[in-house]
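In what follows, every chain begins at residue 1, and chains take the letters A, B, ... in the order their sequences are listed. What you see is a predicted model; the values in this text were computed from it and never measured. The figures that follow rest on heavy atoms only: side chains count, while hydrogens, waters and symmetry mates do not.
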Protein chains: 2
Amino acid sequence: MEGNAPVNMPASLPQGLSHEAGRSSLSVNRIQPAYAQVASQLRDLIVTGQIQTGDHLPNESELATIFGVSRSTVREALRSLAAQSLVYTKRGVTGGTFVAELDAETVSAYLRTSLGLMSGSAGVSVAELLETRAALEVPATRLAAIRRTDGAITEMEQNLSISNVEDEAVRYAKNSRFHELILEASGNRLLGLVASPIFDVLKSRFRREDVEKNYWDRVDNDHREIFSHIEAGDPDGAESAMRAHLRRLESTYEATDITAHP
Amino acid sequence: MEGNAPVNMPASLPQGLSHEAGRSSLSVNRIQPAYAQVASQLRDLIVTGQIQTGDHLPNESELATIFGVSRSTVREALRSLAAQSLVYTKRGVTGGTFVAELDAETVSAYLRTSLGLMSGSAGVSVAELLETRAALEVPATRLAAIRRTDGAITEMEQNLSISNVEDEAVRYAKNSRFHELILEASGNRLLGLVASPIFDVLKSRFRREDVEKNYWDRVDNDHREIFSHIEAGDPDGAESAMRAHLRRLESTYEATDITAHP
DNA sequence: CAAATGAAATTCTCAGACATTTACAAATCG
DNA sequence: CGATTTGTAAATGTCTGAGAATTTCATTTG
């Protein structure tokens with residue numbers, strides 16, 4: 001039908017700015033596509049809390065009517081929101097589109113792929129990853145020594161000895177798990193949310209073939225010392241042990257970075 | 001750009017009636033919708049680097065043919081990828097869908113809305129935000145004292161005095177900018193990428209009406225001290241000054257958190 | 001009472017048409 | 001000649017309308 005269908009919306013669109021919007025030299029795109037406008041308005045409703053976790057939006061046809069666009073346009077908007085984990089859809093008679101609950105693992109996963117991409121293309125260096133990891137994990141270790149629980153202690157102990165593990169995959173998993181447990185024991189979910197993707201990206205840039213023979217023995221010793229301080233409830237000791245551990249890892253990571261060995 | 005199996009994948013699709021035991025109550029989700037499969041396969045090509053920044057994908061009709069789906073299905077897949085900033089589209093004769101370069105600001109913006117949502121719904125507490133902010137900003141301050149440049153010093157100085165600023169918006173902007181400059185001066189983009197959304201979320205939970213009269217005077221003093229250590233190239237002094245500053249802010253933030261005053 | 005059946009609501013997918021945007025080449029005009 | 005206008009092609013954007021598939025729930029049936 002008509003060209004730019006007017007993407008209705010209740011009440012308040014800042015239609016102003018009309019004076020500045022048009023004539024500048026390298027013309028900014030006139031207006032956004034309809035699907036982007038629909039997505040943007042729905043996104044606002046979600047992030048401002050006007051519709052909340054678990055609420056379900058009107059079905060696609062109704063949304064189309066409400067916004068004055070076609071159903072396909074609505075669907076494209078919903079795809080955008082779903083890709084950002086703001087909504088999810090269910091089929092069937094009780095189906096529809098629902099406001100999603102954003103959980104830590106979802107955000108972590110996004111960070112993991114984003115940082116992975118950026119670390120590939122010079123957007124973020126290994127040195128920056130290492131520094132930031134230390135910034136997060138050292139305080140986390142201190143907090144873990146203060147807030148540790150018996151459960152955390154027990155599981156840490158189970159992931160302590162890895163140098164004698166034959167299966168490399170298992171060894172890696174236990175190593176990761178040990179660090180993860182410290183982040184969990186810190187009692188601060190945000191620390192783990194950010195640190196663990198960084199940890200993963202670093203791991204992916206790490207050439208296992210290039211580590212020295214006694215590398216895992218040293219890791220074992222470091223972990224044991226960190227653990228003993230956490231177990232003893234000694235924040236200062238735990239902090240400095242983790243700091244020393246990461247400093248030692250640093251040289252290994254830099255020596256084994258995949259970009260350094262083309 | 002070839003070799004993609006159609007979405008109606010070979011072999012593995014339970015097309016008709018693979019009536020095994022499967023029908024019982026806990027029905028695991030069947031297969032993904034076609035748009036999700038298309039998105040997922042394209043996403044893999046991007047994150048594994050098989051198609052790189054700036055490359056342009058085949059146009060929508062070609063993609064539809066390649067995957068054996070309709071153009072609308074392809075478009076929904078592309079909307080998903082675009083929402084994750086993995087691709088962008090341009091209209092017109094030289095248009096198409098291109099692999100996007102993921103920049104720090106995009107990831108920061110995502111974190112900002114995600115953490116904002118989670119902080120609203122008990123997924124992340126103010127205490128966690130404060131702890132994590134300190135974890136990032138204290139080391140950043142130390143690094144800034146080591147790596148600072150003349151330009152950074154100059155601009156910091158310009159954002160130093162804020163208690164006498166009348167316009168509240170300006171005062172807020174200068175305050176934010178000061179902390180931002182420290183993150184920039186740290187020379188580690190990842191620190192800022194993560195810290196600045198956390199900072200923003202905290203700000204949004206902060207009731208300005210509730211701060212004490214001399215609050216901004218104390219901020220001014222703190223900033224001045226931090227700055228002097230950075231300028232002097234004194235990492236230890238800068239670090240402890242920032243640590244003290246954030247500790248003082250902590251009580252203010254907790255006293256003025258919007259959830260504490262319904 | 002259990003199992004099969006059917007109805008209903010919703011998303012999912014398709015096909016095809018037309019509108020819009022944009023870059024660039026060609027034609028036109030001063 | 002040079003600047004402006006016009007036209008054309010290629011791509012995305014939007015609409016329409018139709019079914020197909022999935023899932024829940026009520027109903028019927030054995």
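In this structure, B:E76 atom CD and D:dC15 atom C1' are separated by 14 Å, rounded to whole Å. We find that CG of B:L78 is positioned 8 Å from P of D:dT12, with the value rounded to whole Å. Between A:Q37 atom CD and D:dG13 atom C1' the separation is 12 Å, expressed in whole Å. Atom CZ in B:F67 sits about 14 Å away from atom P in C:dT13, given to the nearest Å. Whole-Å rounding puts the B:R71 CZ to D:dT14 P distance at 11 Å.
Here B:S114 pairs with nothing under the side chain to side chain donor-acceptor pair (under 3.5 Å) rule; sequence neighbours left out. With sequence neighbours left out, A:K203 forms a side chain to side chain donor-acceptor pair (under 3.5 Å) with A:S176. Take A:Q52 and apply the side chain to side chain contact (heavy atoms under 4.5 Å, CB included) test, not counting sequence neighbours, and it matches A:D55.
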*A:T132 and B:L193: CA distance, side-chain angles, deciding distance, side-chain contact (heavy atoms from CB on, under 4.5 Å) verdict*: CA-CA 10 Å; A:T132 308; B:L193 184 156; over 6 Å; no
*After noting the C-alpha distance and the side-chain angles of B:R71 and B:E76, does the key distance pass the salt bridge (Lys or Arg N to Asp or Glu O under 4.0 Å) rule?*
CA-CA 9 Å; B:R71 205 183 137 211; B:E76 294 190 18; over 6 Å; no
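Phosphate contact (OP1/OP2 of C:dT13, side-chain N/O of B:Y35, threshold under 4.0 Å): absent. Side-chain nitrogen and oxygen atoms of B:R75 include at least one within less than 4.0 Å of the OP1 or OP2 phosphate oxygen of D:dG13. Between B:T73 and C:dC14 there is a side-chain N or O to OP1 or OP2 distance below 4.0 Å.
Of the residues in residues 55-63 of chain A, none lies under 4.0 Å from DNA chain D by heavy-atom distance. Residues from residues 79-95 of chain B with heavy atoms under 4.0 angstrom of DNA chain C, sorted by number: B:R91, B:G92, B:V93, B:T94.
Inter-residue side-chain proximity for A:V126 and A:S119 is flagged as unmet; no heavy-atom pair is nearer than 4.5 Å.
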Side-chain donor-acceptor contacts of residues 178-187 of chain A below 3.5 Å, not counting sequence neighbours, with atom names and distances?
residue, atom, partner, partner atom, Å
A:H179, ND1, A:R133, NH2, 3.4
A:H179, ND1, A:E137, OE2, 2.4
A:H179, NE2, A:H223, NE2, 3.2
A:E180, OE1, A:R177, NH1, 2.6
A:E184, OE2, A:R177, NH1, 3.2
A:S186, OG, A:L183, O, 2.6
A:S186, OG, A:N188, N, 3.1

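Between the side chains of A:S40 and A:Q37, no donor-acceptor pair is found at a separation under 3.5 Å.
Not a single donor-acceptor pair under 3.5 Å links the side chain of B:K174 to the backbone N or O of B:V165.
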